[in-house]
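As structure tokens, the structure follows; a few thoughts come after it.
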Amino acid sequence: MEAIFQFADELGPAKVVHVHEPSINLKAVLVVDNVAAGPALGGVRLAPDVTAEECFRLARAMTLKNAAAGLPHGGGKVVLYGDPKMPPAQKERLIRALANALRHEQDYIFAPDMGTDEHCMAWVKDEIGRVAGLPAELGGIPLDEIGATGWGLAHVTEVALQYCGYFCDFKLEKARVVIQGFGAVGKHTARFLAAKKALLVGASDSRGAVYHPDGLAVEELIRLKEAGQSVVDYPQGEKFDRDAAIDFDCHIWIPAARPDVVNEANVDRLKAKLVVQGANIPFTEGAERHLHEKGVLCVPDFIANAGGVICAAMEYRGAVQAAVFEAIIDKVCRNTRLVLDESKTKKILPREAAMTLALQRLKRAMAWKRWSIF
Ligand code: NAD
């Protein structure tokens with residue numbers, strides 16, 4: 001009883017659902033955090049080492065992200081235990097079963113996250129219909145294929161550079177960028193930043209890291225990843241263990257993988273002057289505060305990486321792809337300016353300013369409710 005309520009506060013979670021079907025080894029947790037603004041929109045994360053705690057924290061991140069982006073959705077998340085590289089037939093069975101188990105959880109709309117994609121969402125659509133992030137053939141806007149989140153992150157990076165102050169002795173053109181986690185978010189961010197003439201010097205994935213001071217060819221790295229290889233199969237550059245990406249010399253560091261990769265124990269190794277958080281909760285609170293005190297600007301996850309959920313929310317309402325890119329720029333750049341202006345004026349962490357922005361919007365939505373969070 002106490003363990004499950006240790007994450008409960010005045011914002012949520014409204015509901016926690018444990019999903020278990022031993023015959024197919026289905027184990028998952030759904031956390032519906034706060035649905036004051038509308039049904040929770042947040043992805044299904046499939047990984048062997050996910051935890052219920054990660055699910056609580058990610059669901060909250062979605063509540064804040066959706067509120068900050070002004071979307072009519074609350075926050076929620078599912079973690080599903082399993083190897084994302086399992087055979088497709090096994091994955092299909094698990095996802096279909098998960099969708100059925102959550103058939104009556106009207107407060108939760110399925111969407112993709114690490115380990116799941118639009119194919120998985122197509123199975124959910126077939127089973128229960130309540131889903132975003134579908135393939136184009138089913139009316140979806142394939143957010144990972146078009147790079148909705150990376151599109152937003154590249155624009156946020158450009159805006160954030162104007163706030164690096166005296167510390168900013170570089171321009172986006174030729175800025176040295178490292179991407180930690182060269183997956184759906186990471187590779188598109190690299191692609192959009194390369195189009196703005198930034199130089200990708202380092203990248204990592206679950207199998208290792210590559211660094212080349214003269215730059216890596218982004219399209220070639222993407223081709224390798226799409227062929228099922230790793231960034232360490234890139235022919236040039238020096239190869240390292242995956243955790244070495246934190247040591248790479250760069251101006252801009254973009255985390256795009258798992259939570260807490262930068263923490264109190266390793267934060268001093270980070271060389272960057274600007275961090276734009278592509279992953280959800282990639283830094284611990286202490287690490288972020290430490291960087292702020294050192295003058296390193298960190299744009300918080302739920303402001304910077306909202307492109308994907310903006311795309312999913314628009315798809316859910318029948319929008320077309322062309323409208324999505326404009327809407328993402330509009331929302332993420334406006335929020336980045338609001339947060340960084342407030343942080344500068346009040347001398348507070350960008351995350352504190354971002355929390356204030358999200359909470360103002362969330363609390364207005366909560367005030368309309370008979371109860372509060374649901
Ligand atoms: P993905 O599965 O496509 O890519 C993740 C990448 O990270 C993979 O290349 C994987 O090999 C790598 N990785 C895993 N563990 C690693 C480690 N310890 N060190 C280095 N690399 C590692 O997932 P994604 O959709 O790109 O999501 C990445 C992050 O961005 C997640 O935190 C996700 O919640 C967040 N996010 C995604 C979206 C989206 O639109 N997909 C939107 C907002 C936030």
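Numbering of ligands and ligand atoms starts at 1, following listing order.
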Item to check | Aromatic ring pairing Phe56/Phe7, orientation class (parallel under 30°, perpendicular over 60°, tilted between) | outcome: parallel
Item to check | Location of contacts on Arg207 toward ligand 1, heavy atoms closer than 4.0 Å | outcome: neither
Checklist entry - Got Leu291 and Glu288 here, is their nearest side-chain heavy-atom distance under 4.5 Å? => result no
Checklist entry - Which ligand 1 atoms are under 4.0 Å away from a heavy-atom of Asp113? => result 33 (C), 34 (O)
Checklist entry - Is any N or O atom of Gly308, backbone or side chain, closer than 3.5 Å to an N or O atom of ligand 1? => result no
Next on the checklist: For a salt bridge (charged side-chain N to carboxylate O under 4.0 Å, His left out) check, start with the C-alpha distance between Glu105 and Lys15, then their side-chain angles and the critical distance, and finish with the verdict.
Outcome noted: CA-CA 10 Å; Glu105 300 304 329; Lys15 196 186 273 186; 2.9 Å; yes
Checklist entry - Taking side chain as C-beta onward, heavy atoms only, is Ile109 less than 4.5 Å from His73? => result yes
Checklist outcome for this item: ligand 1 atoms nearer than 4.0 angstrom to some heavy atom of Lys225 are 9 (O)
Checklist entry - Relative to the heavy atoms of Arg242, which atoms of ligand 1 are at a distance of less than 4.0 Å? => result 17 (C), 18 (N), 19 (N)
Checklist entry - Around atom CD of Glu264, are there more than 12 heavy atoms of other residues, nucleotides or ligands at under 6.0 Å? => result yes
Checklist entry - So is Ala256 in contact with ligand 1, going by heavy-atom distances below 4.0 Å? => result yes
Next on the checklist: Students should be able to answer this: which protein heavy-atom is nearest to atom 43 (C) of ligand 1, and at what distance?
Outcome noted: Asn305 O, 3.4 Å
Checklist outcome for this item: among protein heavy atoms, the one nearest atom 11 (O) of ligand 1 is Ser206 N, 2.9 Å
Next on the checklist: Heavy atoms only, cut-off 4.0 Å: how does Val309 contact ligand 1, side chain, backbone, both, or neither?
Outcome noted: neither
Item to check | side chain to side chain donor-acceptor pair (under 3.5 Å) between Thr284 and Asp260, intermediate numbers included | outcome: CA-CA 5 Å; Thr284 61; Asp260 300 334; 5.8 Å; no
Checklist entry - So which heavy atom in the protein is nearest atom 32 (O) of ligand 1, and how far is it from that ligand atom? => result Ala257 O, 2.6 Å
Checklist entry - Which is it for Trp123 and His119 under the ring-ring contact (aromatic ring centres under 6.0 Å, His included) test, yes or no, and what are the steps along the way? => result CA-CA 7 Å; Trp123 299 323; His119 300 284; 7.2 Å; no
Checklist entry - For atom 4 (O) of ligand 1, what's the nearest protein heavy atom and its distance? => result Gly183 CA, 3.2 Å
Item to check | Shortest protein heavy-atom distance from atom 19 (N) of ligand 1, along with the residue and atom involved | outcome: Gln180 NE2, 3.4 Å
Checklist entry - Does the side chain of Val231 reach to within under 4.5 Å of the side chain of Leu221, using non-hydrogen atoms? => result yes
Checklist entry - Short question: side chain of Lys225, backbone of Arg223 - any donor-acceptor pair under 3.5 Å? => result no
Checklist entry - Looking at side-chain heavy atoms only, is the closest gap between Leu71 and Val309 below 4.5 Å? => result yes
Checklist outcome for this item: side chain to side chain contact (heavy atoms under 4.5 Å, CB included) filter on Arg93, not counting sequence neighbours, yields Ile24, Gln90
Checklist entry - How are the rings of His20 and His18 set to each other: parallel, tilted or perpendicular (split at 30° and 60°)? => result perpendicular
Checklist entry - Looking only at distance, does Asp144 have an N or O less than 3.5 Å from an N or O of ligand 1? => result yes
Item to check | Parallel, tilted or perpendicular: rings of His251 and Phe170 (30°, 60°) | outcome: parallel
Next on the checklist: Once you restrict to heavy atoms under 4.0 Å, what part of Lys65 touches ligand 1? Side chain, backbone, both or neither.
Outcome noted: side chain
Item to check | Interfacing atoms of ligand 1 (cut-off 4.0 Å, heavy-atom, Ala184) | outcome: 1 (P), 3 (O), 4 (O), 25 (O), 26 (O)
Checklist entry - Which atoms of ligand 1 are found less than 4.0 Å from any heavy atom of Leu143? => result 40 (O)
Item to check | Asn280 N/O to ligand 1 N/O under 3.5 Å | outcome: yes
Item to check | Nearest-neighbour protein heavy atom for atom 35 (C) of ligand 1, which is reported as residue plus atom name and distance | outcome: Gly278 O, 3.7 Å
Item to check | Nearest-neighbour protein heavy atom for atom 42 (C) of ligand 1, which is reported as residue plus atom name and distance | outcome: Thr149 OG1, 3.2 Å
Next on the checklist: As an exercise, identify every atom of ligand 1 less than 4.0 angstrom from a heavy atom of Phe182.
Outcome noted: 9 (O)
Next on the checklist: For atom 27 (O) of ligand 1, what's the nearest protein heavy-atom neighbour? Residue, atom name and distance, please.
Outcome noted: Met114 CG, 3.4 Å
Item to check | For Arg45, the ligand 1 atoms whose distance to one of its heavy atoms is below 4.0 Å | outcome: 31 (C), 32 (O), 33 (C), 34 (O)
Item to check | Backbone or side-chain N or O of Val185 under 3.5 Å from ligand 1 N or O | outcome: yes
Next on the checklist: Is the shortest side-chain heavy-atom distance between Val185 and Leu153 below 4.5 Å?
Outcome noted: yes
Checklist entry - Would you say Asp243 has any N or O atom under 3.5 Å from an N or O of ligand 1, going by distance alone? => result no
